[in-house]
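Structure first, then comments.
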Amino acid sequence: MTSVATTAGADAVGRRGAALVVLCFVQFMLVLDDNVVSVALPSMRDDLGFGAAGLAWVVNAYFLAFGGLLLLFGRMADLLGRRRVFLTGVALFGAASLVCGLAQEPWQLVAGRFVQGAGSAMASPAALALIALLFPGSAERARAFGIWGGIAALGGTTGLVISGALTGLASWRWIFLINLPVALAAVVLLPRLVPESRAGRAVRLDVPGAVLGTGALVALVYGLLRAGESSWGDATAAGPLVLAVVLAIAFVAVEARAAEPLVPLSFLSFRFRAVANGATLLFSAAMYAMAFLLMVHLQTVLGYRPLAAGLAYLPYGAGILAGMWLSSRAVARLGMRPALVMSFLITAAGLLLLSGVAPDDGYASGVLPGMLVTSIGCGLSLPALTVAALTGTTEENAGLGSAVLSSVQQIGGAVGVAVLVALATRRRDGLTVEGSQYAATEGFSFALVVAAVLVALGAAVIAALLGRARPPEGTPDV
């Protein structure tokens with residue numbers, strides 16, 4: 001009897017491990033498509049005849065759908081079944097990738113990218129919720145999130161390398177077509193590895209809340225994207241941002257009176273998760289902006305070719321993996337609050353090091369030290385932030401918790417890029433009399449110092465507030 005139970009337990013552990021591998025590789029694919037098009041944009045423009053304004057929407061359409069629909073699909077995963085929503089999202093993403101790879105007109109590529117973003121918004125929070133439920137113990141959940149975050153970080157850092165290699169050696173179309181085997185494998189394998197899970201009681205989707213919440217997020221993301229392209233005072237940016245505020249106020253009013261709200265206010269007001277999500281917002285704003293600004297700086301000031309700039313990011317991925325490996329050990333030994341404060345401060349120190357990169361600095365002596373320190377701090381932070389942001393989630397709301405976290409990351413990233421790029425540009429334009437390289441370097445440095453301040457502010461918020469927020473039993477001590 002004991003041997004039978006032991007074999008069954010080993011089989012269950014094996015299935016969980018295999019499921020984690022499948023979910024992580026899907027996340028790798030989704031994160032890869034966040035930035036994989038960047039290097040290939042000139043080739044797409046030449047092949048399909050894009051105008052300058054239309055080309056930007058090859059990138060923006062993905063972020064608009066992804067950021068705007070996360071909350072809706074995260075809640076739908078709780079109600080309709082997380083495995084079902086995940087598989088539907090992966091299948092949709094795969095089909096949209098095929099459309100992008102075969103596109104013959106600009107509108108076909110932009111439409112395909114929008115549908116890709118919608119598929120990502122379905123798959124990503126559902127996958128994170130499945131991991132949270134597959135690994136309920138705090139220690140094993142932290143390790144699982146560390147693996148998940150490490151694979152996602154590799155997707156983010158290798159996207160530029162893969163894009164440059166495929167575009168240079170074959171065609172930009174292959175950056176989309178390589179998604180098809182991963183999507184097909186996930187659709188075939190996951191139903192055999194993960195049981196269906198959904199909210200334990202029958203509830204209805206809050207349609208007014210879904211419309212208002214989705215509308216607010218779409219308007220917010222669109223306004224932030226427009227602000228990054230033009231300015232905060234431009235009507236095409238200010239109008240959607242004002243609309244987002246109005247819709248958000250209406251959303252809160254409707255949710256306060258709804259019998260089955262899309263996002264229960266008690267869920268948002270749970271202090272431990274609220275502090276973690278607030279820190280994630282600041283952290284994402286700094287890190288998304290850093291990635292964008294550093295890639296531009298490497299190419300325009302330091303003179304790196306696109307593929308070389310992508311390869312320069314590979315140590316960043318290695319540093320994140322090292323930080324991920326250390327993260328669960330730091331939380332277990334120090335507690336969540338001290339570990340997060342330490343990791344945020346390491347990240348801030350790395351950003352300050354990067355801010356000092358000058359035009360005549362070499363890679364090993366100028367770029368690499370700051371990149372490694374920043375990446376280790378980032379790797380230390382991500383798993384612990386994820387565990388904290390999903391603290392207390394259950395079978396009823398795991399998808400919602402994952403969607404809120406993903407939405408916070410996307411919105412923080414959009415805000416960070418829009419604000420810090422604008423600050424860098426303003427600083428550069430004010431110093432053009434000093435020479436273009438000098439002015440560009442000053443703008444880059446100023447923006448990264450602001451990013452470091454944001455991360456340090458996140459550390460202060462965690463130190464001051466996370467310790468006063470009581471996590472449920474089983475969460476690592478803070």
[X] to [Y] - nearest heavy-atom pair and separation:
X      : Y      : answer
Ala424 : Leu293 : CB-CD2, 4.1 Å
Leu405 : Ala389 : CD1-CB, 3.8 Å
Pro383 : Met324 : CG-SD, 3.2 Å
Leu30  : Ala123 : CD1-CB, 4.0 Å
Met371 : Leu294 : CE-CD2, 3.7 Å
Gly94  : Ala183 : CA-CB, 4.1 Å

Heavy atoms, side chains only, cut-off 4.5 Å: are [X] and [Y] in contact?
X      : Y      : answer
Val115 : Val99  : no
Val449 : Leu352 : yes
Leu302 : Val357 : yes
Gln27  : Ile131 : no
Ile346 : Val373 : yes
Phe446 : Glu442 : no
Leu465 : Arg271 : yes
Leu354 : His297 : no

Exercise. Side chain to side chain donor-acceptor pair (under 3.5 Å) with Ser120: which residues, sequence neighbours excluded?
Worked result: Tyr62
For this session: Could I get the full list of side chain to side chain donor-acceptor pair (under 3.5 Å) partners for Gln409, not counting sequence neighbours?
Result: none
Could you measure the distance from the [atom1] atom of [X] to the [atom2] atom of [Y]? Nearest 0.5 Å is fine.
X      : Y      : atom1 : atom2 : answer
Ser327 : Ile376 : OG    : CD1   : 12.5 Å
Ile462 : Leu457 : CD1   : CG    : 10.0 Å
Asn277 : Leu282 : CG    : CG    : 11.5 Å

Apply ring-ring contact (aromatic ring centres under 6.0 Å, His included) to [X] and list each qualifying residue two or more places apart in sequence or on a separate chain.
X      : result
Phe86  : none
Phe283 : Phe344
Phe176 : none

Who are the side chain to side chain contact (heavy atoms under 4.5 Å, CB included) partners of [X], not counting sequence neighbours?
X      : result
Leu98  : Leu102, Leu177, Leu180
Pro240 : Tyr222
Ala285 : Leu454
Ala312 : Leu298, Tyr304, Tyr363

For this session: For the pair Asp78 and Arg75, evaluate side chain to side chain contact (heavy atoms under 4.5 Å, CB included) and give the outcome as yes or no after the intermediate values.
Result: CA-CA 5 Å; Asp78 288 331; Arg75 189 54 176 156; 3.4 Å; yes
Quick check against the 3.5 Å criterion: does [X] have a side-chain atom that pairs as donor or acceptor with the backbone of [Y]?
X      : Y      : value
Arg173 : Gly101 : yes
Arg337 : Ala463 : yes
Thr280 : Ala276 : yes

Exercise. Which is it for Leu71 and Val404 under the side chain to side chain contact (heavy atoms under 4.5 Å, CB included) test, yes or no, and what are the steps along the way?
Worked result: CA-CA 6 Å; Leu71 198 59; Val404 169; 3.8 Å; yes
For this session: Decide yes or no on side chain to side chain contact (heavy atoms under 4.5 Å, CB included) for Val455 and Met290, but give the supporting numbers first.
Result: CA-CA 12 Å; Val455 176; Met290 181 279 297; over 6 Å; no
For residues 245-259, which side-chain donor-acceptor pairs fall under 3.5 Å, sequence neighbours excluded?
residue: Glu255; atom: OE1; partner: Leu262; partner atom: N; Å: 2.7
residue: Glu255; atom: OE1; partner: Val263; partner atom: N; Å: 2.8

For this session: Would you list the pairs meeting side chain to side chain donor-acceptor pair (under 3.5 Å) in which at least one residue belongs to residues 340-356, sequence neighbours left out?
Result: Ser343-Ser381
Seminar exercise, completed: Applied to residues 86-107, the side chain to side chain donor-acceptor pair (under 3.5 Å) test, sequence neighbours excluded, yields Ser97-Gln116, Ser97-Asn179
Exercise. Which of these, Leu69, Leu70, Ile411, Leu212, sits in a side-chain contact (heavy atoms from CB on, under 4.5 Å) with Leu217?
Worked result: Ile411
